[in-house]
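Quick note on labels: first sequence line is chain A, next is B, and so on, each numbered from 1.
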Amino acid sequence: MLQEESDLSLIIAQIVQKLKGSNLYSQLERQAWASLQRPEIKLESLKEDIKEFFKISGWEKKLQNAVYSELSVFPLPSHPAAPPEHLKEPLVYMRKAQGSWEKRILKSLNSMCTELSIPLARKRPVGEQKELLNKWNEMGTDEPDLSLFRPVYAPKDFLEVLINLRNPNYENGDSLSFRTHLGLIQVPLKVKDIPELKECFVELGLNIGQLGIDDSTQVPPELFENEHVRIGQKVLAQQDSAAAQQYIRQGSPTALRAELWALILNISSQPEDVLYYEQLKTNVIQHDLLVDSLIYKDVKLTASNDDYYFVFEDYLYQVLLCFSRDTSVLSHFAFNSASPPKSYIRGKLGLEEYAVFYPPNGVIPFHGFSMYVAPLCFLYHEPSKLYQIFREMYVRFFFRLHSISSHPSGIVSLCLLFETLLQTYLPQLFYHLREIGAQPLRISFKWMVRAFSGYLATDQLLLLWDRILGYNSLEILAVLAAAVFAFRAVNLMEVTSLAAAEAVLADLSTLKVMPLLQIFLFATVT
Amino acid sequence: MSRVLVPCHVKGSVALQVGDVRTSQGRPGVLVIDVTFPSVAPFELQEITFKNYYTAFLSIRVRQYTSAHTPAKWVTCLRDYCLMPDPHSEEGAQEYVSLFKYQSPSVTFPKWLSHPVPCEQPALLREGLPDPSRVSSEVQQMWALTEMIRASHTSARIGRFDVDGCYDLNLLSYT
């Protein structure tokens with residue numbers, strides 16, 4: 001069998017195996033059995049008739065969406081000789097760096113544990129469980145003493161680790177040469193240049209209608225907006241994930257966005273999903289985790305202080321506390337360079353039968369983590385749906401923003417893409433900022449790590465996240481970061497210190513993202 | 001057809017340099033690795049598998065014995081096969097690679113064709129979709145492979161994160 005066919009068979013085998021464990025599989029089975037009652041299903045052509053029935057009733061489309069979802073999320077199967085670590089991250093030095101970083105985080109959490117004499121996990125006494133259940137919908141009113149807790153790490157700590165990443169096989173020399181990168185990131189990952197980005201983001205072109213540009217009040221809606229909304233409604237009626245992903249590259253109408261995102265992420269709230277969420281809630285009630293305090297602290301420090309998001313404080317606890325208990329998140333570590341922290345039941349150190357992951361979902365939140373959830377609260381008000389959407393967004397996109405990997409959507413590649421774009425297309429600005437000790441990445445890093453959440457106005461942020469979903473890539477974050485610098489270049493050329501540069505870029509809340517992206521990609525002289 | 005690993009001896013790499021001059025600045029770009037097969041019985045080589053480490057291009061030459069009367073001669077099977085599309089960036093730098101023998105009954109070893117490597121995105125649908133019933137029978141063969149992949153992942157107990165209701169933990173483990 002030729003290699004391409006065996007690759008395809010392997011992908012099919014993996015997808016079939018993955019879907020076999022899903023609700024969809026049992027639903028399809030049930031539907032197939034039930035369809036035997038139907039007059040058009042004949043014994044002599046059973047297989048074809050059932051397939052035809054699936055097509056007409058929309059079940060085939062659901063299966064297509066599920067397959068498409070798997071293809072979007074899972075990487076292509078790697079070489080049979082490649083060990084599982086290779087799928088997580090192919091470059092050995094990056095794996096090692098991620099391992100060291102994780103060890104630092106674990107040490108930090110352990111020392112917090114011992115210093116404060118607070119256990120990692122604790123079963124709540126019945127009285128406390130009842131109390132928490134009663135105030136589940138208003139956990140924000142709680143004012144626990146969080147002064148002793150500190151975030152495990154902040155984005156700037158992570159940036160220092162990325163700056164120190166080195167490929168042992170890369171000859172850089174100690175002195176500045178044409179091979180040294182002028183920015184902070186020193187690893188030679190492949191990043192796209194503007195011509196390649198133009199090809200990739202072709203739907204953002206000047207002659208293509210965009211929401212965020214062509215729906216402004218000055219533009220008559222007959223020119224683009226009305227037709228775009230009509231097409232969006234049609235896409236939703238068809239319930240086609242792939243079509244929705246293509247459609248949303250031009251932006252989503254506000255009224256359709258919640259449904260479109262759910263379709264693209266292949267989230268449909270089934271009773272089983274609501275039950276699953278309720279089970280997670282029960283887990284929160286029963287056990288108190290140290291990370292809960294980190295989550296509380298993070299929400300209080302970030303989202304609660306934000307003009308747009310403070311109203312959603314309670315929702316954030318309801319999502320993030322449950323997220324920490326969700327063991328289904330563990331499966332994404334197969335393709336995440338990070339690994340879930342491990343612990344043992346007290347007194348059973350080293351015994352594998354008593355080994356557990358901590359927290360149960362393997363994700364330790366950092367300062368700003370709750371900002372991944374906050375914008376979603378504008379779209380989804382039912383907690384279990386909001387939860388599902390956030391979880392899917394995390395395992396598809398957000399995890400890449402805080403782990404060290406060579407993936408094109410990983411934070412390291414995004415940083416290098418940002419720096420390279422700035423250096424190549426705004427060399428004077430880049431040089432000037434370097435000279436005054438204001439490396440541009442030091443300012444833009446926090447924007448990219450948070451996917452701009454909390455920095456842009458919410459309607460603009462949602463237009464940006466439309467494109468993340470549409471292109472199934474985070475590269476747009478680096479492009480936007482460069483576009484913002486390009487937009488404020490005149491002011492930035494006049495500053496003489498890092499603090500002044502930061503002041504110029506402190507407030508992004510008035511920016512319109514789509515015009516910035518369009519101009520940077522398609523209207524800048526290259 | 002069952003496949004068997006052929007024992008081989010891989011010698012250390014030798015740099016190709018011009019003349020005897022060794023300069024510290026001139027780093028040779030070409031290294032040669034000799035592979036010998038101590039078991040002399042003739043065999044049909046199907047596949048070479050290796051892990052790359054920053055090699056950009058690969059050539060393979062084979063010393064072929066055709067008959068008892070003519071001396072053995074060197075034949076180039078693969079010339080400048082690209083392993084890293086951009087040698088100055090990380091793409092393909094540490095990938096696992098397999099090179100296959102082109103399946104043609106009339107041609108014997110060592111006719112080789114270069115071959116798209118899994119790390120490049122192959123045009124999977126170049127010849128149209130494969131026949132579904134044939135694919136589903138191949139799926140059975142692939143099953144063992146996916147089981148191997150799946151088994152090597154850390155498997156979490158579905159749903160439950162505790163051990164018999166207990167989640168009373170010590171500290172986080174560093175190993």
| Among side-chain atoms of Q94(B) and H86(A), is any donor-acceptor pair under 3.5 angstrom? | no
Taking all non-hydrogen atoms of both residues, which atom of [X] and which atom of [Y] are closest, and how far apart?
| X | Y | answer |
| --- | --- | --- |
| L169(B) | R346(A) | O-NH2, 2.9 Å |
| Y167(B) | P359(A) | OH-C, 3.8 Å |
| K190(A) | D86(B) | CD-OD2, 3.7 Å |
| H287(A) | G165(B) | NE2-O, 4.1 Å |

Tell me, side chain or backbone of [X] under 4.5 Å from chain B's heavy atoms, or both, or neither?
| X | value |
| --- | --- |
| V191(A) | neither |
| P119(A) | neither |
| I345(A) | both |

Nearest-0.5 Å distance, [atom1] of residue [X] to [atom2] of residue [Y]:
| X | Y | atom1 | atom2 | value |
| --- | --- | --- | --- | --- |
| N167(A) | Y54(B) | CG | OH | 3.5 Å |
| M94(A) | E90(B) | CE | CD | 6.5 Å |
| K123(A) | D168(B) | NZ | CG | 11.0 Å |
| L106(A) | L172(B) | CG | CG | 5.5 Å |
| F161(B) | S324(A) | CZ | OG | 10.0 Å |
| R104(A) | Y174(B) | CZ | OH | 13.0 Å |

Are there over 12 heavy-atom neighbours, none belonging to [X], within less than 6.0 Å of that residue's [atom1]?
| X | atom1 | result |
| --- | --- | --- |
| K51(B) | NZ | yes |
| R79(B) | CZ | no |
| F50(B) | CZ | yes |

| said: Test your reading of the model: is there a side-chain donor-acceptor pair from S173(B) to the backbone of K342(A), 3.5 Å cut-off? | reply: no
| message | Go through it in stages, so that I can follow the logic: the residues are S343(A) and L171(B), the test is side-chain contact (heavy atoms from CB on, under 4.5 Å), and I'd like the CA-CA distance, side-chain angles, deciding distance and then a yes or no. | response | CA-CA 6 Å; S343(A) 183; L171(B) 286 178; 5.9 Å; no
| field | Beyond-backbone contact of V356(A) with V163(B), side-chain heavy atoms, under 4.5 angstrom | value | yes
| query | Tell me, do T49(B) and H79(A) make a side-chain contact under 4.5 Å, heavy atoms counted? | reply | yes
| request: Output the option from K107(A), K88(A), R122(A), Q286(A) having the highest count of non-hydrogen pairs under 4.5 Å with chain B. | output: K107(A)
| Taking L280(A), N361(A), L189(A) one by one, which has the highest count of heavy-atom pairs under 4.5 Å against chain B? | L189(A)
